[in-house]
Each structure stands twice: as C-alpha cells, then as structure tokens.
Amino acid sequence: MNYWLVKSEPFVFSFADLEREGRTMWEGVRNYTARNNLRAMRNGDLVLFYHSNEGLEIVGIATVIKESYPDPTAEKGDWSVVDLAPVKRLQNTVPLSVIKATPALQEIGLVRQGRLSVMPLQPEEFQAILQMADTSI
DNA sequence: GCCAACGTTGGC
DNA sequence: GCCAACGTTGGC
C-alpha cells in the first residue's frame, strides 16, 4: 500500500465533483515527476485530495481504481493517467497553514516542493494527516 | 495581481 | 552540455 497526495483546483475539479461522478480519469498531468508518480500508483493505494488556489486544504481521500495508462488528452508526448474513486470526505479538512505549522509534516511535498501536483506521502505522514482530520479509513 | 520556485526550451 | 530566457504553478 502506497500513499499519495494530488492537487486540484476546485473550480476545475473538486472533491465534490469526484463524489458526484463516482470515478474520474486523472488527466492533464504534464510534469515528468508527477507523471512518474502516477505510474507508480497501484490499485488500492490511498490518495489525499488537496484543493489548490482556492481552499488550500486537504478535503478528502480517494483510491486508485485503475493503474496508469496513456493519457488520451495528450496530443504529443508520453503522458499517463490513472483512474480515481472517492473513499470519504475528511471529517475536518486540513489546511495548508496547519500542515506548515506541524513539525512532523515539514518534509512533505506540499511544503517542500509547492508546485508538484502528484506526490508520494510517507505512511506516517498520511496517518498524521488522517488523525488531524479526525478521520479513519 | 505579484512574485518565488522551478521546469522547459533553445542558442551557442 | 551549459545556461539564459521564458513559461507555469500556486501561495500570498
């Protein structure tokens, strides 16, 4: 089991959209590091869902339901997508400001590499965030 | 709206 | 292969 975090601008695609649609193809990643992270995802991995630009907080948990395949929206280049489904909304959302103020979370990509849109999480980071969210799987 | 961080592109 | 110029992301 691996743990991940993905970012989405909620006015483009929000966690509520994911819940409404039941599943989604995580398309449009055009960064090699992020793409390689998508390719390392396995069915059943858990994915925290972060709202960037607006909200600036982790709002929910998703899971990988289809491992990487070629991005049909890519006109050129070697890009990948995975399919995600919602697991549950967090009881309490976890804001970036709180994450930044939490010593145990100083190493996560959200803090260290602000622009990366798909990043791995250490199991203990994932668990710490769930605890802060008062949420269990 | 600004700007820092960082990735990509292209000239040499 | 280096590096300057440029584009994009995303927090503030």
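Quick note on labels: first sequence line is chain A, next is B, and so on, each numbered from 1. As a basis for the values below, the full set of heavy atoms in this structure was taken, side chains included, without hydrogen atoms, waters or symmetry mates.
- The shortest distance between the side-chain N/O atoms of A:Lys7 and the OP1/OP2 oxygens of C:dG10 is below 4.0 Å.
- A:Phe49 is not listed as a side-chain neighbour of A:Ile61, based on a closest heavy-atom distance of 4.5 Å or more.
- Rounded to whole angstrom, the span from the CG atom of A:Leu116 across to the C1' atom of B:dC6 amounts to 11 Å.
- Looking at A:Asn36 and A:Thr33, their side chains never bring a donor and an acceptor atom within 3.5 Å of each other.
- Side chain of A:Arg115, nearest nucleotide from C:dT8, C:dG10, C:dC12: C:dT8.
- Look at CD on A:Glu57: it is 13 Å from P on C:dC12, rounded to the nearest Å.
- Atom CG in A:Leu121 sits 9.0 Å away from atom CH2 in A:Trp4 (nearest 0.5 Å).
- The CG atom of A:Leu96 sits 10 Å away from the C1' atom of C:dG10 (whole-angstrom rounding).
- We find that CD of A:Glu54 is positioned 14 Å from P of B:dG1, with the value rounded to whole Å.
- Side-chain atoms of A:Arg30 and A:Thr73 form a donor-acceptor pair, as typed in the model, at a separation below 3.5 Å.
- As rounded to whole Å, 11 Å separates atom P of C:dT9 from atom CZ of A:Arg30.
- A:Met119 has its CE atom 12 Å from the P atom of B:dC6, to the nearest Å.
- In this structure, A:Glu9 reaches neither bases nor backbone, as no heavy-atom distance under 4.0 Å exists between it and the strands shown.
- Between A:Gln113 and B:dG7 there is a side-chain polar atom (N or O) within less than 4.0 angstrom of OP1 or OP2.
- One interatomic measurement links the two molecules: CG of A:Leu5 to C1' of C:dG10, which rounds to 14 Å at whole-angstrom precision.
- For the pair A:Tyr50 and C:dT9, the criterion of a side-chain N or O lying under 4.0 Å from OP1 or OP2 is not met.
- Atom CZ in A:Phe11 sits roughly 11 Å away from atom P in C:dT9 (whole-Å rounding).
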